[in-house]
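A short write-up of the structure that comes next.
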Amino acid sequence: MPRHWLIKTDPDTYDIEDLERDGTTEWWGVRNYLARNYMRDEMEPGDEVLFYHSSTPVTGVYGLARVAGAAHPDSKQFQEGHPYEDRDSDPEDPTWWCVDLQHVQTFPGPVTRDAMKAEPGLADMKVLQRGVRHSILPVTSDQFRIVCRMGRPAG
DNA sequence: GCCAACGTTGGC
DNA sequence: GCCAACGTTGGC
């Protein structure tokens, strides 16, 4: 059964418009072990993703994406001089893994953090909890469905 | 820009 | 292996 996820991004770095333009992108640059483990060990092709903008005046879910393939080593960790190069990572046993994300839909308008906080069905959503700052978080299918409904065009 | 909360690092 | 110090995240 496909699982559901929420992935945060700083829209100044990469936003839903970039994903829509690119179609599919390698989600490189995650340097946190829990997030790495989610991508490497638990995400499967076809898993559905809420694409969340953080560190912006209007934080929230701006659209949907899909896990496009199996996890693979993060290409930047071995790229000399790259800001995300990790010289301690062994090419035979890479430290950092990631998945590719495929654009599914850009919402007509964001499902804002405020709107999500006001929705009783999302009361337990991890991204809304104080102090939770992982860039990748599991989402229940109920939570996913509710956010999709909130983001769907009116009518 | 502030600062709480967290993950990571490194001294011991 | 503990834990204080540090750097970063990210909401506000």
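Chain letters run A, B, ... following the sequence lines, proteins first, then strands; residues in each count from 1.
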Please report the distance, rounded to the nearest Å, between [atom1] in [X] and [atom2] in [N].
X	N	atom1	atom2	value
A:Leu137	C:dG11	CG	P	11 Å
A:Trp96	B:dG7	CH2	P	13 Å
A:Arg133	B:dA5	CZ	P	11 Å
A:Lys126	C:dG10	NZ	P	16 Å
A:Arg31	C:dT9	CZ	P	12 Å
A:Ile136	B:dC6	CD1	C1'	17 Å
A:Leu34	B:dC6	CG	P	13 Å
A:Tyr33	C:dT9	OH	C1'	18 Å

Does a side-chain N-to-carboxylate-O contact under 4.0 Å join A:Glu42 and A:Arg3? yes
Mind checking if A:Asp10 touches a base, just sugar-phosphate, or nothing, with heavy atoms under 4.0 Å? nothing
[N] phosphate, OP1 or OP2: any side-chain N/O from [X] under 4.0 angstrom?
X	N	value
A:Arg113	C:dC12	yes
A:Arg130	B:dA5	yes
A:Tyr52	C:dT9	no

Quick check against the 3.5 Å criterion: does A:Gln129 have a side-chain atom that pairs as donor or acceptor with the backbone of A:Asp124? yes
Starting the side chain at C-beta, find the nucleotide from [options] nearest to [X].
X	options	result
A:Lys8	C:dG10, B:dT8, B:dG7	C:dG10
A:Lys117	C:dC12, B:dG7, C:dG10	C:dC12
A:His134	C:dC12, C:dG10, B:dG7	B:dG7

Applying the 4.5 Å side-chain criterion to the ILVMFWY set and letting contacts propagate, would A:Phe144 and A:Leu128 be lumped into a single cluster?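 Result: yes, single cluster for both.
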For the CZ atom of A:Arg36 and the OG atom of A:Ser135, what is their distance to the nearest 0.5 Å?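 The distance works out to 12.5 Å.
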Between atom OG of A:Ser54 and atom NZ of A:Lys8, what is the distance when rounded to the nearest 0.5 Å? 6.5 Å
